[in-house]
Amino acid sequence: MIRHLGEVIMASDKSTKSRPYVVQSLKLQSFHAQQVFRRGFDLYTDAIYSLSVVLRAVGTEDQVRAMEELIDDRLNRAQNDIRNEIARLEKVVEDNGITLDRVNYSEPLVMEAKISSHRSARYAGILHEFDGLIAKLDALWLSGMIPDNEYSRILYEWKRRILKIASSARGTVRQAMIDSRKQAQQESSNQNVQNKTAGQTFSGGTEPVINGESGIDEVPDVKSKTPKNSSGLFGWI
């Protein structure tokens, strides 16, 4: 593949950036939580890094804060809804005398989550709580309290919602970056026009006009006119 020099430099710069992070071991029992982690965590983390660091370099602080509030609101609502759903499922489990400890998983995994911001840590926490929600849902499904179609629907909707937090964060940040670049290009273009106009004025390319007349007295072109009376002074007037 042939790439322009600028693209090669940008790719190189991205690969050599050193970001601070801490590794959080995240034990996920269910396949569904593991799948959402693989698809969504890095996507979300990269978007949040761009929002917290990169966008601040090209955008305004007000713009960044608006994006942060939008993303935080989605996290808050998702976390609250997960906890409410867990409480509801726990009530159903308790009322039906189901023992959660009897549910085991064949392939639990410990995922290494690279936490590069506090929002990344919150997303990892949501994934952990989602895994706990699935454990209660699985207990009810295995006991026959939830039919197959309802079980599949609930799983699909929650996976879709948590993944959408990551994809919407990326889309929001990407659009903000595009808008910031367009604004910067427009401001640069306007500045170039102003500089060009100022240069023409100072170079004498445009005569100042006062009261509808040029500010510079017109000098008659003597060579272009022939005196009517060569013996008189200023005979051509």
Flag, side chain of Thr45 to backbone of Asp42, donor-acceptor distance under 3.5 Å: no
Residue set satisfying side-chain hydrogen bond (donor to acceptor under 3.5 Å, both in side chains) with Arg65, at least two apart, ordered chain then number -> Glu61
Taken in chain and number order and not counting sequence neighbours, the residues that satisfy side-chain hydrogen bond (donor to acceptor under 3.5 Å, both in side chains) with Glu90 are none
### Task
State plainly whether the residues Glu157 and Arg160 are in salt-bridge range, i.e. N to O under 4.0 Å.
no
Notebook entry, point to check: Would you call Val110 and Leu26 a side-chain contact if the rule is heavy atoms closer than 4.5 Å?
Noted result: no
message: Are the side chains of Asn84 and Arg88 in contact, using a 4.5 Å heavy-atom criterion?
response: no
Expected output: side-chain Asp131 to main-chain Gln29 donor-acceptor under 3.5 Å:
yes
Taken to the nearest 0.5 Å, the spacing of Leu163 CG from Arg161 CZ works out to 12.5 Å
* Answer yes when Arg153 and Glu150 have at least one side-chain N-carboxylate O distance shorter than 4.0 Å, and no when they do not. => yes
Phe41 reachable from Val22 in the ILVMFWY side-chain graph, under 4.5 Å edges: yes
The reported gap from CG in Leu140 to CD1 in Ile98 (rounded to nearest 0.5 angstrom) is 4.5 Å
task = Answer whether the closest heavy-atom distance between the side chains of Tyr21 and Ile115 falls below 4.5 Å.
result = no
_Please determine whether a side-chain nitrogen of the Lys or Arg among Asp81 and Arg77 lies less than 4.0 Å from a carboxylate oxygen of the Asp or Glu._
no
- Task: For the pair Gln34 (side chain) and Leu28 (backbone), establish whether a donor and an acceptor sit closer than 3.5 Å, ignoring hydrogens and angles.
- Result: yes
In this structure, CH2 of Trp158 is separated from CD of Glu85 (nearest 0.5 Å) by 6.5 Å
Original post:
With distance as the sole test, does Asp73 use its side chain to make a donor-acceptor pair with the main-chain N or O of Glu69 at under 3.5 Å?
Top reply: no
- Is there a chain of hydrophobic side chains (I, L, V, M, F, W, Y, each step under 4.5 Å between heavy atoms) that links Val173 to Leu43? no
In this structure, CG of Leu127 is separated from CZ of Arg38 (nearest 0.5 Å) by 12.0 Å
When rounded to the nearest 0.5 Å, the distance separating CD of Gln35 from OG of Ser30 is 9.5 Å
So side-chain hydrogen bond (donor to acceptor under 3.5 Å, both in side chains) across residues 102-112, not counting sequence neighbours, yields Tyr105-Asp138
Whether Arg170 engages the ring of Tyr44 as a cation-pi pair (distance to the six-membered ring centre under 6.0 angstrom, angle to the ring normal within 45°) should be assessed.
no
CG of Asp46 to OG of Ser116, rounded to nearest 0.5 Å, is 7.5 Å
Backbone of Ile165 reached by a side-chain donor or acceptor of Ser168 within 3.5 Å
yes
_So Ile82 and Leu133, do their side chains get closer than 4.5 Å, heavy atoms only?_
yes
Should Leu51 and Leu70 be counted in the same cluster of Ile, Leu, Val, Met, Phe, Trp and Tyr side chains packed under 4.5 Å apart?
-> no
In terms of relative ring orientation, are Trp141 and Tyr151 parallel, tilted or perpendicular, with 30° and 60° separating the classes? parallel
